[in-house]
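To start, the structure under review is shown below, and the notes come after it.
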Amino acid sequence: MSFKINRKITRQIHVGTVKIGGNAPIAVQSMTNTHTQDIAATVAQIHRLEAAGCEIIRVAVPDDEAAAAISAIKKKISIPVIADIHFDYKLAISAAESGADGLRINPGNIGGKNKIKAVVDAAKTNDIPIRIGVNAGSLEKDLIKKHGGVTVNALVESALKQIDLMASFNFSNIKLAIKSANVPQSIDAYRQLSAKTDFPLHVGITEAGGLFSGIVKSAVGIGMLLSEGIGDTLRVSLTRDPTEEVRVGFEILKALGIRQRGVEIISCPTCGRCNINLFEIAETIEKKLLTKTKPIKIAIMGCVVNGPGEAKEADVGIAGGDGTGILFKKGQVVKKFPQEQLVSELLKAVDEFEDKK
Ligand code: SF4
């Protein structure tokens, strides 16, 4: 029996043209690391993120210049922009007025009720949602005291308090994030929050690290939550170029069979039967196919005897050994050629597969 994810159906909100929650596809987000006020650099990075498949982009808004830049940035890009605000509620209002499609605030560091209400009023006036970002690193001091530390219960209570606060302003155009750099803590917090609310959830593991640890932590944390049906949009957080975050986000969704985008690679780890440089071949092919967007499963296998059978589910695949390369489709060998042509034959087969779709 195949594994089926029972997705929790949450309320649906809109971030610009992108639907979040309900039955909408789980959207992949990222955040720029340029100075937002440097409009040219920020737009250039967002263009690269769009090409990688990013569906919503968040930008830091540390000052008035950054808030004002949103208006110019939006004219040159196609995906919605979320303004990330810390501490100064006036910046949230300026960002909303500048055309941000959503605001991300941590009410814990925005200040008193009146300031948060002013932000909510700006969101209402501009008809944009607010993402309430509860973060283990900036949890309210009274909750830390009450729970004896930054615990799951403290994180969840903080999120529920913020929901109640929004309700007191008659505002429900929200999504929630409850992040920690600790993977088990994040998973537990999201599980509890999901059980207690039907607002859409933005899932992620904060400050997950560099490429290696960041990918593992995000895949485990985000992957476990998604497999349990929790999460309506995601952001992978990596100390790297943000396009890598988008790539990893889609790989997590692809691995769980939730969304398909571009190439899914099946390749063997090699063993004593392998007589070709499979590592180099796989790396070359992966780089060359990075920009593909149509879904296709390809296999890169180390030997002609077992390769086709071990990668039966691949749309197209190659295997090589003893001077001969083979091309196979769904486990059946369809062509033989000199081993040096393995890469070019696979790339040709991918193009043909795309043309037929
Ligand atoms: S496909 Fe061949 S080389 Fe690769 S792991 Fe299997 S048996 Fe070994």
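Residues take their numbers from the sequence shown, with the count starting at 1. Numbering of ligands and ligand atoms starts at 1, following listing order.
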Check whether more than 12 heavy atoms from other residues, nucleotides or ligands sit under 6.0 Å from atom [atom1] of [X], and answer yes or no.
| X | atom1 | value |
| --- | --- | --- |
| Asp355 | CG | yes |
| Lys19 | NZ | no |
| Lys294 | NZ | yes |

Using a strict 4.0 Å cut-off to heavy atoms of [X], name the atoms of ligand 1 that fall inside it.
| X | value |
| --- | --- |
| Glu310 | 1 (S), 6 (Fe), 7 (S) |
| Asn306 | 7 (S) |
| Arg273 | 7 (S) |

| Got a donor-acceptor contact below 3.5 angstrom from the Glu55 side chain to the Val28 backbone? | yes
| task | Decide yes or no for Leu278 and Ile300: does some side-chain heavy atom of the first lie under 4.5 Å from some side-chain heavy atom of the second? | result | yes
| said: Just to be sure I'm reading this right: ignoring hydrogens, which of Gly302, Ser267, Ala319, Gly309 gets closest to atom 3 (S) of ligand 1? Compare them by their nearest heavy atoms. | reply: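 Closest candidate by heavy-atom distance is Gly302.
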| said: My understanding is that we take every heavy atom of each candidate and find the minimum distance to atom 8 (Fe) of ligand 1. Doing that for Gly307, Cys274, Cys271, which one comes out nearest? | reply: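 Going through Gly307, Cys274, Cys271 one by one, Cys271 has the nearest heavy atom to atom 8 (Fe) of ligand 1.
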| query | Do you see a donor-acceptor pair shorter than 3.5 Å between the side chains of Asn23 and Gln12? | reply |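 Looking only at side-chain atoms, Gln12 and Asn23 do not form any donor-acceptor pair under 3.5 Å.
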| task | Confirm or rule out an N/O/S atom of Cys268, from backbone or side chain, lying less than 2.8 Å from atom 4 (Fe) of ligand 1. | result | yes
| query | What is the nearest protein non-hydrogen atom to atom 2 (Fe) of ligand 1, stated with its residue, atom name and distance? | reply | Cys303 SG, 2.3 Å
